[in-house]
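First up is the structure itself, then whatever we jot down about it.
Note: hydrogens, waters and symmetry copies are ignored here, and every other heavy atom, side chains too, is used. What you see is a predicted model; the values in this text were computed from it and never measured. The sequence lines fix the lettering, A, B, ..., with proteins before strands; numbering per chain opens at 1.
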Number of protein chains: 2
Amino acid sequence: MKPTEKADMKYTNQRVEILDFLREHEGHPTVDDVYDGVRKKLTRISKATVYKNLKFLTEKGLLEEVNVKGVSRFEANFIPHHHLICRECGMMEDFNSEQLLDYSMKIAEEIDGFTIVSTSTNFYGICKKCKECKEKT
Amino acid sequence: MKPTEKADMKYTNQRVEILDFLREHEGHPTVDDVYDGVRKKLTRISKATVYKNLKFLTEKGLLEEVNVKGVSRFEANFIPHHHLICRECGMMEDFNSEQLLDYSMKIAEEIDGFTIVSTSTNFYGICKKCKECKEKT
DNA sequence: GTTAATGCAAACCTTTTGCAAAACA
DNA sequence: TGTTTTGCAAAAGGTTTGCATTAAC
């Protein structure tokens, strides 16, 4: 937990560990991933606490939430980026393109009646693994 | 139901009504929206049937599924497009930009190990309604 | 000391599943 | 007729909530 980010909230062990976990794991962890990870340090933490904190921290703007196939995933990454999403297995990977961000935001500026804060492009397709699997059959 | 689209499947009343409903309602209906809509014509349809068909039709490629705030929404719109999503109320609106699609697909072609089929950019922000609401307080 | 957060269990909501009956091709 | 689909109810996730206890400030 960096001292620079003193948001208006109580810094409980649970909250700090959840934030730290997400900052150390970039792979879009699910709630269960966070729960399992944090439980290694705080063995008595409850899943409800994880849920409550993930929601709280998302509302505070400290986390981003994405939903793939009905499951919430979280990230503490503040650099805007895009996603590669596999239509087969739901696998999700970050993908960076400064150009595309710039381009999207330029288009966003021209939209009326909607104040755009951020953009994110999802690239849907088939990942290497699933493609190889399919070719075998 | 257009006769041009004879996919390899049985055309039950339920299935046809679900497809027709989605073709007539462009506002990203939820499962419940579809259920309520279709039930006006087929009063005895079950929600399980709606679920099964939405999944089936999505796998057949006749529908697109998007997930906002943990709830699935469906569309029968085959023209690729983008979305304006309100961070406050979850409201979702279509947004078209041929330029952005072209640009994204051009970038997609350069991605290794992932076969990109389509792209979709989400513009996150605050809709007019929510903005006015917030300004009042 | 006051306020906010935790942990537990129960509740909730969305989605899936199993299976006998019915509908389609 | 053979196969797929339906409808019902039950189950299975994922997520939220209520409330007494505990921790933070």
Side-chain angles (χ1 to χ4, degrees), chain A residues 1 3 5-22 28-60 62-75 89-90 92, chain B residues 1 3 5-22 28-60 62-75 89-90 92:
Chain A
M1 197 62 216
E5 298 140 6
K6 282 282 168 198
D8 176 30
M9 59 178 184
K10 291 194 175 175
Y11 285 82
T12 61
N13 289 338
Q14 290 89 334
R15 186 162 290 168
V16 172
E17 287 299 333
I18 288 168
L19 257 178
D20 279 353
F21 178 85
L22 281 162
H28 313 90
T30 61
V31 177
D32 277 2
D33 293 338
V34 176
Y35 177 57
D36 290 342
V38 171
R39 207 160 33 145
K40 284 175 189 160
K41 287 191 175 175
L42 301 172
T43 47
R44 292 183 44 74
I45 195 171
S46 78
K47 204 178 267 189
T49 297
V50 176
Y51 271 104
K52 284 171 186 166
N53 272 298
L54 289 174
K55 191 176 185 184
F56 178 89
L57 293 167
T58 302
E59 279 163 4
K60 280 273 169 189
L62 295 172
L63 299 178
E64 288 276 326
E65 183 176 0
V66 275
N67 198 298
V68 188
K69 287 173 176 267
V71 184
S72 288
R73 291 172 175 275
F74 293 84
E75 42 188 342
C89 64
M92 198 169 180
Chain B
M1 193 66 215
E5 297 142 5
K6 282 283 166 197
D8 176 29
M9 59 178 185
K10 293 196 173 174
Y11 285 81
T12 62
N13 291 337
Q14 291 89 334
R15 188 162 289 167
V16 172
E17 286 298 336
I18 288 168
L19 256 178
D20 280 353
F21 178 85
L22 281 162
H28 313 90
T30 62
V31 177
D32 277 1
D33 292 338
V34 177
Y35 178 56
D36 290 342
V38 172
R39 208 160 32 146
K40 284 174 189 161
K41 289 192 174 177
L42 301 172
T43 47
R44 289 182 47 74
I45 194 171
S46 78
K47 203 177 267 189
T49 298
V50 176
Y51 270 104
K52 284 171 187 166
N53 272 299
L54 290 173
K55 192 177 185 183
F56 177 89
L57 294 167
T58 303
E59 280 164 4
K60 281 271 168 189
L62 294 173
L63 298 178
E64 288 277 324
E65 183 178 359
V66 276
N67 197 298
V68 187
K69 287 174 176 267
V71 184
S72 289
R73 292 171 174 274
F74 293 85
E75 43 187 343
C89 65
M92 198 168 180

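Taking 4.0 Å as the cutoff to heavy atoms of chain B, we find the contact window on DNA chain C bounded by C:dT14 to C:dA25.
Two end axes, each from the C1' atoms of five base pairs, can be drawn for the helix from C:dG1-D:dC25 to C:dA25-D:dT1; they diverge by 40°, to 10 degrees.
In this structure, B:V71 and B:N13 both approach DNA chain C, and ranking their closest nucleotides by distance from the 5' end singles out B:V71. For the pair B:S72 and A:T12, both in contact range of DNA chain C, the more 5′-proximal nearest nucleotide belongs to A:T12.
No donor-acceptor pair under 3.5 Å is formed between the side chain of B:D20 and the backbone N or O of B:E17.
Counting all heavy atoms, side chain and backbone alike, A:D33 lies closest to A:T30 at OD2-N, 2.9 Å. Of all heavy-atom pairs between B:V50 and B:Y35, the closest is CG2-CD1, 3.9 Å.
Side-chain contact check for A:L22 versus A:L62: every heavy-atom pair is 4.5 Å or farther apart. Put simply, the side chain of B:L57 reaches to within 4.5 Å of the side chain of B:L19, judged on heavy atoms. No side-chain heavy atom of A:N13 sits under 4.5 Å from any side-chain heavy atom of A:K41.
The cationic group of A:R15 does not satisfy the cation-pi geometry with A:Y11, failing either the under 6.0 Å distance to the six-membered ring centre or the 45° limit from the ring axis.
A heavy-atom distance below 4.0 Å to DNA chain C is reached by these residues of residues 43-58 of chain B, ordered by number: B:A48, B:Y51, B:K52.
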